[in-house]
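Here is the structure we will look at, set down as structure tokens.
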Amino acid sequence: KIIKSDTSSHAVQVQTQEPIAHEVRVRLGTEPESLNPLTADTEDAIELAMNSYVGLYQYKNGKIVPALATDYPNISKDGLVYTITLKSSLWSNGDSLGAVDFARTWNRGNAKIYGEKVATAYDAIAENQDGSLQVQVVDPNTLKITLKQKNDSFLMELASPQFLPLHESYLDEDAANGQMVSNGAYLLSGWIKNQQLTYQKNMNYMQADNVSNIQLDYCIYPEDAEAYQAYCDGKLAVTDDIPSSDVTVLYQNGSLHTYDVNATECFFANPNADLYKNMSQDQAVAFRKAISRLIDREYLTGAVGQLDQKQAQSALSYTSFQKLNLLSLLYIKGDYAHTGMSCSEEAKNLLSGCGYRFIINSDTTYTPKVPIVITAITDSDTQNLEILKSIQNDVSMIGITLNIQELSREDYYNRVESEQYDFAIGRLLPTQRLIEQHKKWMNHYQIIPLYDSKDGYLCNDNVTGITSNSFGAKDFTKLVVAK
């Protein structure tokens, strides 16, 4: 039963809930700045978006499948026009959801109402003379989308958070007050700042009969060690980012559940860092290539990753794109095989071309005559810190000093966004900008791939049905809690 309440400038939902069967406490690493799914660009934000919204298409078991769409798009012979038919569905407040909601949301996003970063998501779509997108609402349940040029990865884009719909009345402040209209399996019911976000079953979800009446309590634990301890103490039912010292045992005994992620763990460089101010562009590329050649990827996958990850040869995940049948279109293989100690001579020669001179030590290592000092930033993720410590050891073989700065997640993202770093460690999702630029970024060694991402989580024995999507987010739609 849905009751509309005009307590603000628009109707917000008050759903009459069935009695909650179970409460499941889930670790959330960072408190979101917003619950707008279009701005979701971290795993935490994407997980909240994907459990409370549903779009035209979604990832299931590594494949893109219809969600609100009745089928895959009808694509014109020239590959420019996508016609999509929608299933009948409702918003959580009882309003009808249709083609107009998608068209309106995307046009708002393209108009930079939600920021310039969101607007880039719609670059593939042609525009009308007035700047609006060529997204035609043929009828209440039919969309016709015209692209600027043929784009074989557009279906993948349609499954991303930026192509989810927003209710016409969406306001950030309503979400902050625990009042939000959405259309996914779960509906925000409360938000205690810096502590917890609470979600309950959306009774108007299109497959509500298949969703258990479970309350999800997303509890905010910024530090991995603290979250793991909370799980061990029974304060959390689900957690991730397990300390590396415990991963192998948990993985081998089956306690750690793993899944592939459509992303790549990368060491990426800021090409505008002061580090390169006295270098030519070619020298800057050579400097970054030297760093890349020194990284022992075999050690990273075995001792740090520990989940049978594959060494990455591209900034775009090989495994995921192979599953999506986009391998030949998007995958570009780089020179990242057999790196580490055996490449120290090659790395020294590359740096010599940048003007550095070296002294050979008695143990056959090198010391630069002028100190080479670089800084890399990371958030509080335990595995990211372990990766940087490994790279720190690798580059020391030829006398490079790598200083590690561990930041809060918020400070980390701010530093990356404002380009205040030399190098950073992180996970790259296949955004449209990455797809367009990855060949250039790889050739210039702005992105140094390490290994294909794989995630793991721990959950109580009585909790089952957790799946994942290719963005690294856990999907609780089929969650089941045994008595």
Side-chain angles (χ1 to χ4, degrees), residues 43 244 261 263-273 275-276 284-306 309-318 332-341 343-344 346-347 350-351 354 372-398 400-407 409 412-413 415-417 419-431 434 437-454 472:
E43 287 180 27
S244 59
V261 179
T264 307
E265 304 295 335
C266 292
F267 191 52
F268 49 99
N270 173 15
N272 299 316
L275 180 65
Y276 310 111
V285 172
F287 185 97
R288 295 190 291 268
K289 182 176 181 179
I291 300 296
S292 175
R293 299 301 288 163
L294 289 169
I295 297 173
D296 187 344
R297 290 170 175 79
E298 184 175 354
Y299 176 82
L300 286 179
T301 56
V304 179
Q306 304 181 67
Q309 292 96 333
K310 296 183 182 299
Q311 295 180 43
Q313 297 293 310
S314 171
L316 294 170
S317 167
Y318 178 92
I332 297 176
K333 185 175 180 179
D335 183 19
Y336 301 108
H338 309 298
T339 56
M341 185 179 296
C343 297
S344 57
E346 178 188 355
L350 286 166
L351 293 173
C354 300
I372 304 174
V373 181
I374 60 178
T375 301
I377 62 173
T378 179
D379 61 8
S380 58
D381 183 276
T382 305
Q383 191 172 80
N384 284 345
L385 184 60
E386 292 299 318
I387 292 172
L388 284 186
K389 288 179 179 179
S390 176
I391 294 176
Q392 184 182 57
N393 181 68
D394 292 339
V395 299
S396 69
M397 290 188 297
I398 59 172
I400 298 175
T401 299
L402 170 61
N403 294 324
I404 299 172
Q405 289 186 4
E406 186 177 359
L407 308 171
R409 292 195 181 190
Y412 170 82
Y413 289 122
R415 288 274 295 274
V416 170
E417 193 72 25
E419 294 189 345
Q420 297 179 42
Y421 66 97
D422 294 338
F423 291 88
I425 191 73
R427 174 175 290 181
L428 288 182
L429 296 169
T431 61
L434 175 58
Q437 299 290 329
H438 78 294
K439 183 175 182 179
K440 171 189 171 183
W441 288 345
M442 285 177 58
N443 287 340
H444 289 185
Y445 288 86
Q446 290 173 228
I447 296 177
I448 300 174
L450 302 176
Y451 54 80
D452 287 356
S453 299
K454 201 169 186 177

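Note that these values count all heavy atoms, side chains included, but never hydrogens, waters or copies made by symmetry.
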>> Quick one, Ser453 with Glu265, criterion side-chain hydrogen bond (donor to acceptor under 3.5 Å, both in side chains). Give me CA distance, side-chain angles, the key distance, then yes/no.
In response: CA-CA 6 Å; Ser453 299; Glu265 304 295 335; 3.1 Å; yes

>> Assess the residue pair Ser390 and Asn393 against the criterion (side-chain contact (heavy atoms from CB on, under 4.5 Å)); give the C-alpha distance rounded to whole Å, side-chain angles, the decisive distance to 0.1 Å, and a yes or no.
In response: CA-CA 5 Å; Ser390 176; Asn393 181 68; 5.8 Å; no

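Partners of Gln446 according to the side-chain hydrogen bond (donor to acceptor under 3.5 Å, both in side chains) rule, which considers only residues two or more places apart in sequence or in another chain, do not exist here. Applying the side-chain contact (heavy atoms from CB on, under 4.5 Å) test to Ala303 and every residue at least two apart in sequence or in another chain returns Tyr299.
When side chains are defined from C-beta on, Ile291 counts as touching Ile400, because their heavy atoms get closer than 4.5 Å. At least one side-chain heavy atom of Phe287 sits less than 4.5 Å from a side-chain heavy atom of Leu275. Residues Ile391 and Ile387 have side chains in contact (heavy-atom distance under 4.5 Å, counting atoms from C-beta outward). For the pair Phe268/Val416, a side-chain contact is recorded, criterion being any heavy-atom separation below 4.5 Å from C-beta on. By the 4.5 Å heavy-atom criterion applied to side chains, Leu294 and Ser344 are counted as neighbours. Contact annotation: the side chain of Leu300 never approaches that of Phe267 to less than 4.5 Å [non-hydrogen atoms, C-beta and beyond]. Between Asp452 and Gln309, the closest side-chain pair of non-hydrogen atoms is not below 4.5 Å. Residues Arg288 and Tyr276 are in side-chain contact: their nearest non-hydrogen atoms beyond the backbone lie under 4.5 Å apart.
A distance-only check finds no donor-acceptor pair linking the side chain of Arg297 to the backbone of Tyr451 [under 3.5 Å]. When atom types are taken as modelled, the side chain of Asp379 and the backbone of Tyr412 share no donor-acceptor pair closer than 3.5 angstrom. Under a 3.5 Å cut-off, the side chain of Asp394 and the backbone N or O of Asp296 do form a donor-acceptor pair. Side-chain N or O atoms of Asp422 include one that pairs as donor or acceptor with a backbone N or O of Thr375 at under 3.5 Å.
Contact detail for Leu350 and Ala286: the closest heavy-atom pair is CB-O, 3.9 Å. Taking all atoms of both residues into account, the shortest heavy-atom contact from Ile404 to Lys389 is CD1-N, 3.9 Å. Contact record, Gln383 with Val304: NE2-O, 3.4 Å, taken as the closest heavy-atom pair. Closest heavy-atom contact between Ile425 and Cys266: CD1-O, 3.3 Å. Taking both residues in full, the closest heavy atoms of Pro271 and Ala269 are given as CD-O, 3.3 Å, listed atom of the first, atom of the second, then distance.
Taking NZ of Lys289 as the start and SG of Cys354 as the end, the distance is 11.5 Å to the nearest 0.5 Å. Here the straight-line distance linking atom CG of Leu407 with atom CZ of Arg415 works out to 5.5 Å at 0.5 Å rounding.
Around the CD atom of Gln420, the shell of radius 6.0 Å holds more than 12 heavy atoms that belong to other residues, nucleotides or ligands.
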